[in-house]
There are 2 protein chains.
Amino acid sequence: MKTATQPYRSPCPLSKALDLIGDKWSLVIVRDMCLGKKRYCDFQNSPEGIPTNILANRLRQLEEHGIIKKQPYQEKPLRYDYFLTAKGADLLPVLQQLVCWTQKYDPDCWMPPAAFFTTTAEDLLG
Amino acid sequence: MKTATQPYRSPCPLSKALDLIGDKWSLVIVRDMCLGKKRYCDFQNSPEGIPTNILANRLRQLEEHGIIKKQPYQEKPLRYDYFLTAKGADLLPVLQQLVCWTQKYDPDCWMPPAAFFTTTAEDLLG
DNA sequence: TCTAGTTACTTGCAATAAGCAAGTGATAAT
DNA sequence: ATTATCACTTGCTTATTGCAAGTAACTAGA
């Protein structure tokens, strides 16, 4: 029987961040929420084409890590909207830096909506 | 015969960034270089304990993506030091934001050396 | 009422990637 | 000659990803 292994690789704040969001999809979902998307099908319709089982898995993980929360928008059948928590909204500066970095070195990438750069984490929690 | 598929999921600058560095290890290596590490064994000795085959693979990928470059430090046998390029050094603000985020929400993480926050990308290219 | 459609998932399975241990080649040190 | 070091590579097992199909709970239309 294997003892519960440490849930993180080291106490370094960078590696701990990557333990939570160091994959190809988590921040894509956070980006969508920053842009106002709320529903499962909104995330599915993004141009990256996230597989549905991975979307369900990532929504679960992000909720477990306190980055998003869900609230029912109807009862029959029970369905949820997904929102960023304060912790999730505070990832906005990370996204903004990543976007600036790509824009500096990859001329073929899209220009995000201007609002993306002027928005603050607090704005997302309105 | 399958036509060469697009190397990225969408032209979104965020998803393109994650296509390059969206995994658990790449930014850990970039972090080490920001802290002055240069050698293969330096990266191996980091507290996260990166497996050696993954380290070799990531060094190759990061070089292919123009984020790091290598320069020989001896001839017999041929051995390399690894350095950040300008593109790699410009990831520093991303790392800084990720570290700030973890520090805000995870009280149990380590405090990075003070220099980590005051350093700029240009400093890393000295 | 029967049928088709929508939404938000879950399940099964093949392909890919990660992680661990051991091995290799070049050279230096004893 | 033997041992050690450094920077990898190889083989193998396990875990994760990605695709396709299926399901539950409704809603709208013929």
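Quick caveat: nothing in here was measured; it's all calculated off a predicted structure. A, B, ... follow the sequence lines: proteins, then strands. Residue 1 opens every chain.
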note: B:D81, atom CG; D:dC8, atom P; distance rounded to Å ~ 11 Å

Its 5'-most and 3'-most nucleotides having an atom under 4.0 Å from a non-hydrogen atom of chain A, DNA chain C is contacted over C:dT7 to C:dG12

So the salt bridge (charged side-chain N to carboxylate O under 4.0 Å, His left out) pairs with at least one residue in residues 83-98 of chain B (sequence neighbours excluded) are A:K104-B:D90

Does A:D106 use its side chain to pair, donor to acceptor, with the backbone of A:T102 at less than 3.5 Å?
no

Sequence neighbours excluded, the answer for salt bridge (charged side-chain N to carboxylate O under 4.0 Å, His left out) partners of A:D123 is none

Expected list for residues 12-42 of chain A near DNA chain C, using heavy atoms below 4.0 Å, is A:R39, A:Y40, A:C41

So, with a heavy-atom separation below 4.0 Å from DNA chain C, the residues of residues 46-59 of chain A are A:T52, A:N53, A:A56

Legend entry - B:Q74 side chain to B:P77 backbone, donor-acceptor under 3.5 Å: yes

Residue set satisfying side-chain contact (heavy atoms from CB on, under 4.5 Å) with B:E122, at least two apart, ordered chain then number -> B:T120

d(B:L91 CG, B:L20 CG) to nearest 0.5 Å is 9.0 Å

Across all chains, not counting sequence neighbours, the side-chain contact (heavy atoms from CB on, under 4.5 Å) partners of B:L98 are A:L14, A:A17, A:I21, A:V94, B:L27, B:V94

So CD of A:Q103 and CZ of A:F117: to nearest 0.5 Å the spacing works out to 4.5 Å

In B/S/- notation (B base, S sugar-phosphate only, - none; protein heavy atoms under 4.0 Å), nucleotides 24-29 of chain D written 5' to 3' is -SS---

How is A:Y73 classified with respect to the nucleic acid when contacts are heavy atoms under 4.0 Å: base, sugar-phosphate, or nothing? sugar-phosphate

Hits for side-chain contact (heavy atoms from CB on, under 4.5 Å) against B:P107, two or more places apart or cross-chain, chain-then-number order -> none

note: B:K70, atom NZ; D:dC8, atom C1'; distance rounded to Å ~ 11 Å

What's the verdict on side-chain contact (heavy atoms from CB on, under 4.5 Å) for A:C34 and A:T119, showing C-alpha distance, side-chain angles and the deciding distance?
CA-CA 9 Å; A:C34 289; A:T119 305; over 6 Å; no

What's B:F43 touching, base or sugar-phosphate or nothing? Going by heavy atoms closer than 4.0 Å. nothing

Do A:F83 and B:Y105 sit in the same hydrophobic cluster, where Ile, Leu, Val, Met, Phe, Trp and Tyr count as joined when their side-chain heavy atoms come under 4.5 Å apart?
no

Residues 24-43 of chain B vs side-chain hydrogen bond (donor to acceptor under 3.5 Å, both in side chains), sequence neighbours excluded, gives B:D23-B:S26, B:R31-B:E48, B:D32-B:S46, B:K37-B:S46, B:R39-B:D81, B:Y40-B:T52

By side chain to side chain donor-acceptor pair (under 3.5 Å), A:K69 pairs with (sequence neighbours left out) none

